[in-house]
Amino acid sequence: MKKGTAMETDSVDKHHVRINNEASEDDSEGMEVRTTQTDNLSVPKNNNLELSRSSSTSSLASSSQNDDLGKNGNYPEEAISNDSETVPEEVQKLPVRNLPAVNVPEKIILCIDLSEDPNYTPFKLGDGSKYAPLYMIKRVAEIFINCKSLINKNHEFALVVLQSDTVAWLRDFTTDPREITSVLEDVSETQQSDTFDLSTLFDVINDHVTLPKVSEPSASPPPYVVRVILMYGRSHCVPKFVHGQESLNLLLSSEYFTLDALYIHEDPSEMNKCEEIFSVLDDLDDRGFSYILDVSRNTTKLHDSMAKLLGHPLQRPIQKGAYYKLELQEVR
């Protein structure tokens, strides 16, 4: 979520990729298949951002900050120089995780919002069928769990659900994807409340996880890492810390904890609070290692966003430096 100079082909430019043929009819862009080039810190240029709010690469984020990272999705050659005077300021600001990039087992906590937006807009597939947001969230969560398990059978998964104004830990850590997906299949929508307390969510998580400790972090990989993936689906309810952020701060104090968020929402408008909600999610972790993504009712982009979370937190690039464009390398 990787080396060498590559060249795009016309066939890639002219065709769009659909995941499982579940494309949205109003998706005029399609989904570009991309890989990441970390050796020269190549970054995509995003011209399709809807609102200006955050520095994260997102449809609710600021396009201007991403545009400054590189022309036509690439940094100039001098960007890889060790001379700080020739390195773009944005490159110098990218945080660095000085930990061994090893695919150690992950303990992944999926936090899925069951609250349903009033008069929600359904997801529409290419064949005209329509599905409720929670149905689609279940499907992409199931795909994610199975893909992660294929990558490493030792990855563990736990399930937490966000109800109207409460949080429930439904399934403890397991390496069997079926144990999680079977529980997930049985959950159903709840009504949306006026407020949601993030303090309760991270209190529950903090009570159920033990963060690893390593004597020499820069030399030895941990036995595992912990990652929370928050899938928030409310367009009118701004989450808040009602009882403080102590639990979240304790979790973030560990180098082996990562907090990602995928915000699934209605199209932003004056009638909802999508931009404000995204801002809260984007500010949860100021270390710079999180992936904060958002998608409106677009089936292709929902799958695309979930796929971006497959990368291991110790191996993936910083979100600002992620580059997903498919490129072909000439073999001599």
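Only this structure's heavy atoms are used, side chains among them; waters, hydrogens and symmetry mates stay out. Remember, it's a predicted structure, so these values are computed and weren't measured experimentally.
- Residues V242 and L250 do not share a hydrophobic cluster, defined by chaining ILVMFWY side chains whose heavy atoms lie under 4.5 Å apart.
- When side chains are defined from C-beta on, L162 does not count as touching S115, because their heavy atoms never get closer than 4.5 Å.
- By the 4.5 Å heavy-atom criterion applied to side chains, L211 and Y256 are not counted as neighbours.
- Using a 4.5 Å cut-off between side-chain heavy atoms of Ile, Leu, Val, Met, Phe, Trp and Tyr, with links allowed through other members, I151 and V226 fall into different hydrophobic clusters.
- Put simply, L310 and L110 are part of the same group of oily side chains (I, L, V, M, F, W, Y) that touch within less than 4.5 Å, one to the next.
- In this structure, H312 and H155 have tilted ring planes: the angle between them lies in the 30° to 60° band.
- Checked by atom type and distance alone, the side chain of T181 pairs as donor or acceptor with a backbone atom of P177 at under 3.5 Å.
- A donor-acceptor pair is defined here as one N or O able to donate and one able to accept, closer than 3.5 Å; no such pair exists between the side chain of D304 and the backbone of T300.
- Using a 4.0 Å cut-off between charged nitrogen and carboxylate oxygen, D197 and K240 do not count as a salt-bridge pair.
- Separating the CZ atom in F289 from the CD atom in Q319 is a distance of 13.0 Å, to the nearest 0.5 Å.
- Heavy-atom minimum distance, P212 versus S254: O-OG, 4.5 Å.
- Counting only N and O atoms by type, the side chains of Q163 and T166 include a donor and acceptor under 3.5 Å apart.
- Residues F241 and L248 form a side-chain contact, since some pair of their non-hydrogen atoms from C-beta on lies under 4.5 Å apart.
- No hydrogens or angles considered: nothing links the side chains of N146 and S149 as a donor-acceptor pair under 3.5 Å.
- Contact of the D165 side chain with the T195 side chain is not registered, since no non-hydrogen atoms from C-beta on lie closer than 4.5 Å.
- Follow the hydrophobic side-chain contacts under 4.5 Å out from L99 and you never reach F257; the two are in separate clusters.
- With contacts defined as side-chain heavy-atom distances shorter than 4.5 Å, the pair W169/V167 does not qualify.
- In plain terms, the two heavy atoms of V102 and L314 that are nearest each other are O-CD1, 3.9 Å.
- Using bins of under 30°, 30° to 60° and over 60° for the plane-to-plane angle, the ring pair H265/Y263 lands in the tilted bin.
- Taken to the nearest 0.5 Å, the CG atom of N298 stands 8.0 Å off from the CZ atom of F123.
- Of all non-hydrogen atoms in L251 and F202, the two that sit nearest each other are CD1-CD2, 4.1 Å.
- Between the side chains of D127 and S129, at least one donor N or O lies within less than 3.5 Å of an accepting N or O.
- Open room surrounds CG on D194; 12 or fewer heavy atoms of other groups in view lie less than 6.0 Å from it.
- When only modelled atom types and interatomic distance are considered, S290 and D285 share a side-chain donor-acceptor pair under 3.5 Å.
- Between T258 and P313, the shortest heavy-atom contact is OG1-CB, 3.5 Å.
- Using a 4.5 Å cut-off on side-chain heavy atoms (C-beta onward), I109 and I229 make no contact.
- With N154 contributing its side chain and P105 its backbone, the two residues share no donor-acceptor pair below 3.5 Å.
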Might you work through the salt bridge (Lys or Arg N to Asp or Glu O under 4.0 Å) test for R97 and E255, ending with a clear yes or no? CA-CA 8 Å; R97 213 168 203 167; E255 292 181 300; over 6 Å; no
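- A 4.5 Å side-chain heavy-atom check between V104 and V225 finds at least one atom pair inside the cut-off.
- When atom types are taken as modelled, the side chain of S296 and the backbone of D267 share no donor-acceptor pair closer than 3.5 angstrom.
- In this structure E266 satisfies the side chain to side chain contact (heavy atoms under 4.5 Å, CB included) test together with D117, Y120, T121, S235, N272, R297, sequence neighbours excluded.
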Test R227 against D260 for salt bridge (Lys or Arg N to Asp or Glu O under 4.0 Å), laying out the working first. CA-CA 7 Å; R227 178 155 59 123; D260 293 336; 2.9 Å; yes
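- The minimum heavy-atom distance between K301 and V295, with the atom names listed, is CB-CG2, 3.6 Å.
- In this structure, OG in S247 is found 11.0 Å from CG in L252, a value given to the nearest 0.5 Å.
- Atom OH in Y232 sits 6.5 Å away from atom CZ in F196 (nearest 0.5 Å).
- Between the side chain of Q191 and the main chain of E116, no donor-acceptor pair closer than 3.5 Å is present.
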Under the criterion salt bridge (Lys or Arg N to Asp or Glu O under 4.0 Å), I'd like the reasoning laid out for R139 against E185: C-alpha separation, chi angles, the key distance, then a yes or no. CA-CA 9 Å; R139 299 287 75 78; E185 196 64 36; 2.7 Å; yes
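- Taking SG of C111 as the reference point, atom CG of L170 lies at 10.5 Å (rounded to 0.5 Å).
- Using a 4.5 Å heavy-atom threshold, the side chains of C237 and Q192 count as touching.
- What you find for T175 and E156 is that their closest heavy atoms are CG2-CG, 3.5 Å.
- Side-chain heavy atoms closer than 4.5 Å link hydrophobic residues (I, L, V, M, F, W, Y) into clusters, and following such links, possibly through other members, connects I108 to I112.
- Within the model, atoms CG of L114 and CE of M231 stand 11.0 Å from one another, a figure rounded to the nearest 0.5 Å.
- A side-chain donor-acceptor contact under 3.5 Å links K138 to the backbone of V187.
- Around the CZ atom of R178, the shell of radius 6.0 Å holds no more than 12 heavy atoms that belong to other residues, nucleotides or ligands.
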